[in-house]
Amino acid sequence: MTATLHATSTYATSAAHLPGAARLSHAVARPVVDGLDQSVCGVLVTVRAGQDWAAPSGAGRCEECTRIAG
């Protein structure tokens with residue numbers, strides 16, 4: 001018997017919390033609660049649990065979050 005193990009993670013999308021920050025979306029590991037959290041690249045961000053990282057968005061994506069989260 002053989003088994004294949006796949007590690008999967010899902011991410012929520014978020015926006016940087018800093019005033020004047022570039023309009024980029026960042027990935028935040030789920031589960032999340034609406035409010036402030038730290039993105040996978042380390043930036044403090046505002047998160048909405050209903051927003052999915054995989055869903056298309058009007059803003060560009062953070063290069064580091066894209067590298068980490070895919």
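Residue indices begin at 1 and follow the sequence shown. Heavy-atom basis, side chains included; hydrogens, waters and symmetry copies ignored.
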J.: Give a yes or no on this: more than 12 heavy atoms of other residues, nucleotides or ligands lie within 6.0 Å of atom CZ of R48.
T.: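 Open: at most 12 neighbouring heavy atoms sit under 6.0 Å from CZ of R48.
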J.: Hey, are the side chains of C41 and H26 touching, using non-hydrogen atoms and a 4.5 Å cut-off?
T.: yes
J.: Could you check if a side-chain atom of S14 sits within less than 4.5 angstrom of a side-chain atom of T46, using non-hydrogen atoms only?
T.: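 Contact flag for S14/T46 side chains = no.
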J.: Could you report the tightest heavy-atom contact between R30 and Q51, atom names first, then the distance?
T.: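 Heavy-atom minimum between the residues: NH2-O, 3.1 Å.
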J.: Looking only at heavy atoms, what is the nearest atom pair of A29 and V40, with distance?
T.: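 For A29 and V40, the tightest heavy-atom pair comes out as N-CG1, 4.2 Å.
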J.: How about L36 and V45: do any of their side-chain heavy atoms sit closer than 4.5 Å?
T.: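 They are not in side-chain contact.
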J.: Does R61 make a cation-pi contact with W53, if we ask for NZ or CZ under 6.0 Å from the ring centre and within 45° of the axis?
T.: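 Ring-cation test returns yes.
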J.: Is a side-chain N or O of D52 found less than 3.5 angstrom from the main chain of A12, in a donor-acceptor match?
T.: no
